[in-house]
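No experiment lies behind these values; they were computed from the predicted model shown. Naming: A, B, ... by sequence-line order, numbering from 1 per chain.
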Amino acid sequence: MKIATWNINGVRARIDVLVAWLKESQPDIVCLQEIKTVDEGFPRLEIEALGYHVETHGQKGFNGVAILSKIRPDEINRGLPGDDADDQSRFIEGVFSVNGGAIRVCSLYLPNGNPIGTEKFLYKLSWMDRLSAFAESRLALEEPLILAGDYNVIAEPHDCWDVKVWQNDALFQPQTRQAFRRLENLGFTDAVRATTDAAPLYTFWDYQAGCWQKNFGIRIDHLMLSPEATDRLVSTDIEKHVRAWEKPSDHVPVAARFNFAV
DNA sequence: ATGTCTCCACGTTGGAGA
């Protein structure tokens with residue numbers, strides 16, 4: 001089973017690229033971020049025509065996440081628990097049946113948090129606290145759980161092209177990296193790092209200043225796996241070639257294969 | 001340093017967010 005995450009940067013503007021990629025990559029489950037549309041605006045017919053179920057948690061103009069799946073979800077939960085006043089659409093969870101058991105797949109769009117020293121950075125850190133609490137509660141189920149998405153976290157220095165450029169950015173602050181490590185300390189595994197020692201590896205290249213051409217990228221799109229999911233992990237791919245397509249997202253898909261049987 | 005995208009709105013251009 002192939003599970004992928006991709007920050008699509010506007011699904012309405014990117015529908016042709018998304019359809020082309022789905023046909024080529026053939027993922028079983030896709031976590032999308034930054035769909036930038038309300039649920040009614042999602043181009044679901046084009047996706048359903050390829051045999052995918054579509055579950056969205058949209059928002060007008062910004063944010064928005066979705067889960068596309070070849071198999072029908074048994075359950076969908078929208079929104080990250082822990083703050084009823086949070087009205088930003090950044091989290092959706094799907095539960096699927098495989099081998100008679102359940103797997104949980106979450107599509108998350110972690111707040112950017114810039115600039116540091118503002119409410120936006122505090123919101124990022126509190127959102128990460130809520131994510132850790134959610135992850136810890138789900139661990140008790142002892143099920144395969146995949147927390148996939150745009151974390152807006154540069155976890156290690158070799159995950160960016162120049163630490164000097166990022167040292168004052170919310171994505172690389174000590175508090176940000178510490179909060180990310182809390183997930184690892186709970187028992188979650190970074191799927192890409194579990195399957196390769198290669199560095200640098202990037203998943204995002206800014207549209208500006210020729211960053212793609214110069215390979216000035218950062219690795220911020222992650223699949224974090226519970227122990228039960230890590231046990232089933234086979235391989236990962238950062239589908240970098242998609243960044244060179246016409247009208248690309250600034251992020252590329254990141255995929256992991258598991259030996260779950262449907 | 002701020003070169004590019006996407007989306008929205010008292011829309012045909014500018015601001016916000018990334």
Side-chain angles (χ1 to χ4, degrees), chain A residues 5-21 30-44 46-47 56-66 80 86-91 107-128 131 148-155 159-173 175-177 179-180 202-222 239-254:
Chain A
T5 179
W6 193 11
N7 180 321
I8 195 72
N9 189 19
V11 71
R12 289 159 68 87
R14 214 72 66 197
I15 183 61
D16 292 345
V17 176
L18 177 57
V19 165
W21 173 73
V30 182
C31 298
L32 295 179
Q33 302 86 39
E34 281 206 273
I35 62 173
K36 296 190 177 182
T37 177
V38 293
D39 296 336
E40 303 76 52
F42 194 98
R44 66 167 50 240
E46 292 90 329
I47 306 303
T56 61
H57 185 38
Q59 181 180 337
K60 192 175 183 180
F62 308 107
N63 306 324
V65 289
L80 181 64
D86 183 1
D87 58 0
Q88 299 191 30
S89 297
R90 296 178 172 276
F91 190 89
S107 178
L108 65 95
Y109 177 47
L110 209 145
N112 175 292
N114 278 304
I116 57 176
T118 68
E119 282 296 321
K120 292 185 175 182
F121 189 59
L122 296 177
Y123 174 63
K124 179 185 190 118
L125 294 179
S126 73
W127 205 95
M128 295 184 84
L131 181 62
D150 177 357
Y151 278 73
N152 271 312
V153 173
I154 299 167
D159 291 323
C160 70
W161 59 276
D162 186 348
V163 291
K164 289 192 293 297
V165 171
W166 294 94
Q167 63 186 353
N168 294 317
D169 195 284
L171 277 61
F172 194 58
Q173 290 310 292
Q175 300 108 302
T176 304
R177 297 174 60 199
F180 183 79
Y202 304 138
T203 65
F204 166 95
W205 295 260
D206 201 295
Y207 289 121
Q208 299 188 68
C211 282
W212 166 246
Q213 288 76 11
K214 291 184 271 194
N215 196 29
F216 287 176
I218 55 179
R219 192 176 74 93
I220 56 175
D221 300 275
H222 306 298
E239 303 194 3
K240 182 178 177 178
H241 65 288
V242 175
R243 186 63 176 79
W245 288 2
E246 286 288 314
K247 278 199 73 177
S249 170
D250 40 8
H251 298 249
V252 297
V254 182

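dA16(B) and dC10(B) have their P atoms separated by 14 Å, with the value rounded to a whole Å. A gap of 30 Å separates the P atoms of dA9(B) and dT2(B), to the nearest Å. Separating the C1' atom of dA18(B) from that of dT12(B) is a span of 25 Å, rounded to the nearest Å. Look at the C1' atom in both dT6(B) and dG11(B): the space between them is 15 Å, to the nearest Å.
In this structure, the CG atom of D169(A) is 16 Å from the P atom of dG17(B), given to the nearest Å. The NZ atom of K247(A) sits 9 Å away from the C1' atom of dC5(B) (whole-angstrom rounding). Atom CD1 in I15(A) sits roughly 17 Å away from atom C1' in dC7(B) (whole-Å rounding). As rounded to whole Å, 11 Å separates atom P of dG17(B) from atom CZ of R90(A). Counting to the nearest Å, the P atom of dT4(B) and the CG atom of D250(A) are 13 Å from each other. In this entry the distance linking NZ of K124(A) with P of dA18(B) reads 10 Å, nearest Å. Rounded to a whole Å, the OH atom of Y207(A) is 10 Å from the P atom of dC7(B). Per the geometry, CG belonging to N7(A) stands 12 Å off P belonging to dC7(B), to the nearest Å.
Checking Y123(A) against N112(A) by side-chain atom types alone, no donor-acceptor pair falls below 3.5 Å. Between the side chains of D221(A) and T203(A), at least one donor N or O sits under 3.5 Å from an acceptor N or O. Judged by distance alone, the side chains of W205(A) and N215(A) do bring a donor and an acceptor atom under 3.5 Å apart.
Between D206(A) and N112(A), the one whose closest nucleotide on DNA chain B sits nearer the 5' end is D206(A).
D16(A) pairs by the side-chain contact (heavy atoms from CB on, under 4.5 Å) definition with nothing, not counting sequence neighbours. The side-chain hydrogen bond (donor to acceptor under 3.5 Å, both in side chains) check on D159(A) picks up R193(A), R219(A), with sequence neighbours excluded.
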Hey, what are the protein-to-nucleotides 8-13 of chain B N/O distances that come in under 3.5 Å?
from, atom 1, to, atom 2, distance (Å)
dA9(B), OP1, K60(A), NZ, 2.9

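As judged by a 4.0 angstrom heavy-atom cut-off over every strand, A209(A) is placed among the base-contacting residues. In this structure, Y109(A) reaches the sugar-phosphate backbone alone: every heavy-atom distance under 4.0 Å involves primed, P, OP1 or OP2 atoms, never a base.
Using bins of under 30°, 30° to 60° and over 60° for the plane-to-plane angle, the ring pair W161(A)/F216(A) lands in the parallel bin.
A ring-centre distance under 6.0 Å is not found for W245(A) and W21(A).
The side chain of E34(A) lies closest to dA18(B), out of dT4(B), dA18(B), dT6(B).
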